[in-house]
Student: 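The structure's right below; bear with me while I get my questions together.
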Amino acid sequence: MHLFASLSGLLGLISALAFLPPAVAQDRTTEEGEAQITDPNVECSPYTYPPVAQAENQFPPTWTVATILPDDTAAQSRYNSIQGHIPDISPKGTQPQSLSGDFSGFSYPSDDPDCWWTFDHCHDPKTPGIPIDITTVPEPGTLGYAFDDGPNCSHNIFYDFLQSQDQTATMFYIGSNVMNFPLEAQRALADGHQVCAHTWSHRYMTALTNEQAFAEFYYSETSLEMIKLVIGVTPTCWRPPYGDVDDRIRAIAQAMGLRTIIWQYDSSDWLGNATETDANYQALIDAATSGTFDDVGTIFLTHEITNFTMSEAISWYGNLTSAFKHLVPVGVALNITNPYVEDGYTLPTFAQYVNGTHVGSIVGSVNGTTSDTSATVSTASHTATTTSSTPTTGTNAAHILPINSVGWLVITASLVGGILSA
C-alpha cells in the first residue's frame, strides 16, 4: 500500500469527501461554480458555455483529425507562412490505420534519418535548427510532474487533492476535451498549473499531412483558438500523443511557437493494469533513491485519463515526495517564468517554488479578459469538472471514465487502511 505524503493531507481529503454538498441547483456558467460540483454524474454531463457555443463552427468537429476549415483565411495564411520551415519528410504509414499507430507495411531506413521517436526514441533532432526534445529537467533530484489527456470530466477530487498538498503540475490538454468541457479546463489556470497543448484529436502526428499537423496545433492552442478562447492563454509547449514525433512535426511545432516535451520514464497507467503501473512507479522511485537523478532530474509520463490513473497518482504521491527532493511543473524545473504568449501570466522560478511559492500570477480572469492589475491566482479550495471523449482507436486509445463517489470512497478507505496498518 502506498502512503500519502502526510496523514494530515489525507485526513483533509477525507473530511472534504465526508461533507460533499448535494448536487442541486449547480452553477455551470463559471469556473468557480463548476468547481463546486461534486457529483461525477453532473460533472460529466454536457453543458453550454456561450463563448464556445458561439464559436463552434470555427473549429473542426471534436475527435476528428483537424484540417484547415473552408474560408478560414487566418489559418490558411498562418499555414502558408510556415511552409518554408517544414522539412521535406513524408508522412509515416498509410491513413487511416497509421492514425492509430499501425505503421505495418511502412518501410523506413534503419539509420532513422528523421529522428522518429516511435522508431527508436530519438529525441535529438537531425534537422539543423530544431531544439532537442525535453526529456529531463536540469534540477537535481527533481521530478517534472505532469499529466496528459485532460481535462477529464471527473478530475475534481484529483485536483482537490493536488491543491490540498500545495502541489501544481504541467497539464497537457487536448483541444477536443477543452471544447467539450471548457470550465473544467479553466480550473488548471485558476489552480496555478501550467497548461500545454496535446493536439486537437490525439492522433499519431507523424501519420498526418503537413496541413493536418498544422491544424492539429492551430485549432487546439494558438491565436484565438480553443485553449486561447477558453482559458485565455496561448501555450508555448506541447507533448506529442504517444510520443510520436519526427523532425517534420517538430519543425511545424517550432514554427507555431511550441517546444516539444517528451518523457524519460513511463508509468503505462493508461493500460489500467495495476500490477504494471505499480511496478513502473516503483522502478522510478528505486531509481531516485539509488541516486540516478542526483545530477539531473527526470520526467515521468502519467495521465488524468481515468479513475484508475488519477487514483494511482494520489496513492503514489507520498512515495514520490519521499524519493525526490522536489516535484514541480516542468516549466518550473526549466525556470520558464513566462509560459504563455500573453504577458502577465507567470510561473514561479524553481528557487521560488522550492521555497514555498507554488503559484504564479495572472492578469485578469481565467477566461482571458484582462484588467489593469495583476492578481495572484486563487488557490482557494474548490472542485471542478472536465470531460472529453477521446478516440476509440489506437494502441492506447483513451476512454474518459467518470469517477463515482463510491469508487473514490473505496480508494480513500484503502489508503486509510494502509496508513493505519503501516
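Just so you know, these numbers come straight off a predicted model, no measurement behind them.
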Student: Please report the interatomic distance CZ(Phe59) to OG1(Thr64), rounded to the nearest 0.5 Å.
Tutor: 13.0 Å

Student: Should Arg187 and Gln163 count as side-chain neighbours, where that means a heavy-atom distance under 4.5 Å?
Tutor: yes

Student: Within the structure provided, determine whether Thr346 and Asn338 are in side-chain contact (heavy-atom separation under 4.5 Å).
Tutor: yes

Student: Does the ring centre of Tyr79 sit less than 6.0 Å away from the ring centre of Tyr218?
Tutor: no

Student: If you count every heavy atom of other residues, nucleotides or ligands that lies below 6.0 Å from Lys126 atom NZ, does the total exceed 12?
Tutor: yes

Student: For the residue pair Leu320 and Leu284, what are the closest heavy atoms and their distance?
Tutor: CD2-CD2, 3.9 Å

Student: Can you tell me how far the CD1 atom of Ile37 sits from the OG atom of Ser154, to the nearest 0.5 Å?
Tutor: 12.5 Å

Student: Could you go step by step and tell me if Ser98 and Arg203 meet the side-chain contact (heavy atoms from CB on, under 4.5 Å) rule?
Tutor: CA-CA 9 Å; Ser98 57; Arg203 304 304 175 98; over 6 Å; no

Student: Aromatic contact between Trp238 and Phe172, with the criterion being ring centroids under 6.0 Å apart: yes or no?
Tutor: no

Student: Give a yes-or-no answer on whether the side chains of Thr199 and Arg239 include a donor-acceptor pair shorter than 3.5 Å.
Tutor: no

Student: To the nearest 0.5 Å, what is the distance between CH2 on Trp316 and OG on Ser267?
Tutor: 11.5 Å

Student: Please test His326 against Tyr353 for side-chain contact (heavy atoms from CB on, under 4.5 Å), starting from the C-alpha separation and ending with a verdict.
Tutor: CA-CA 9 Å; His326 310 291; Tyr353 197 100; over 6 Å; no

Student: For the residue pair Gln58 / Tyr219, report whether a side-chain donor-acceptor contact shorter than 3.5 Å exists.
Tutor: no

Student: Identify the two heavy atoms, one from Pro91 and one from Ala207, that lie closest to each other, and give their separation to 0.1 Å.
Tutor: CB-O, 3.8 Å

Student: Less than 4.5 Å apart, side chain to side chain, heavy atoms only: is that true for Trp200 and Met179?
Tutor: yes

Student: Return yes if a side-chain donor-acceptor contact under 3.5 Å exists between Asn335 and Thr349, otherwise no.
Tutor: no

Student: So if I apply the ring pair (Phe, Tyr, Trp, His ring centres under 6.0 Å) rule between His202 and each of Trp270, Tyr242, Trp63, which one comes out positive?
Tutor: Tyr242

Student: Classify the side-chain pair Thr118/Asp244 by whether it contains a donor and acceptor separated by less than 3.5 Å.
Tutor: yes

Student: Is a donor from one side chain sitting under 3.5 angstrom from an acceptor on the other, for Glu211 and Gln83?
Tutor: no

Student: Answer whether the closest heavy-atom distance between the side chains of Arg78 and Phe214 falls below 4.5 Å.
Tutor: yes

Student: Answer with yes or no whether the side chains of Thr309 and Asp269 bring together a donor and an acceptor at under 3.5 Å.
Tutor: no

Student: Is any side-chain heavy atom of Met171 closer than 4.5 Å to one of Gln194?
Tutor: no

Student: Side chains of Gln282 and Asp286 only: does a donor on one sit below 3.5 Å from an acceptor on the other?
Tutor: yes

Student: Ignoring hydrogens and geometry beyond distance, is a side-chain donor-acceptor pair present between Glu225 and Ser220 at under 3.5 Å?
Tutor: no

Student: Is it true that Tyr281 and Tyr317 have ring centroids separated by less than 6.0 Å?
Tutor: no

Student: Testing Ile299, Thr135, Ile134, Val330 for side chain to side chain contact (heavy atoms under 4.5 Å, CB included) with Trp263, which one passes?
Tutor: Ile299

Student: With a 6.0 Å cut-off on ring centres, are Phe158 and Phe147 close enough?
Tutor: yes

Student: To the nearest 0.5 Å, what is the distance between CD1 on Ile231 and CE on Met226?
Tutor: 10.5 Å

Student: Taking Tyr145 as the fixed residue, which of Thr302, Thr170, Leu327, Val328 is the one that meets the side chain to side chain contact (heavy atoms under 4.5 Å, CB included) rule?
Tutor: Leu327

Student: What distance separates Asp114 CG from Asp246 CG, expressed to the nearest 0.5 Å?
Tutor: 5.5 Å

Student: Distance check, rounded to the nearest 0.5 Å: Thr168 atom OG1 versus His358 atom NE2?
Tutor: 7.0 Å

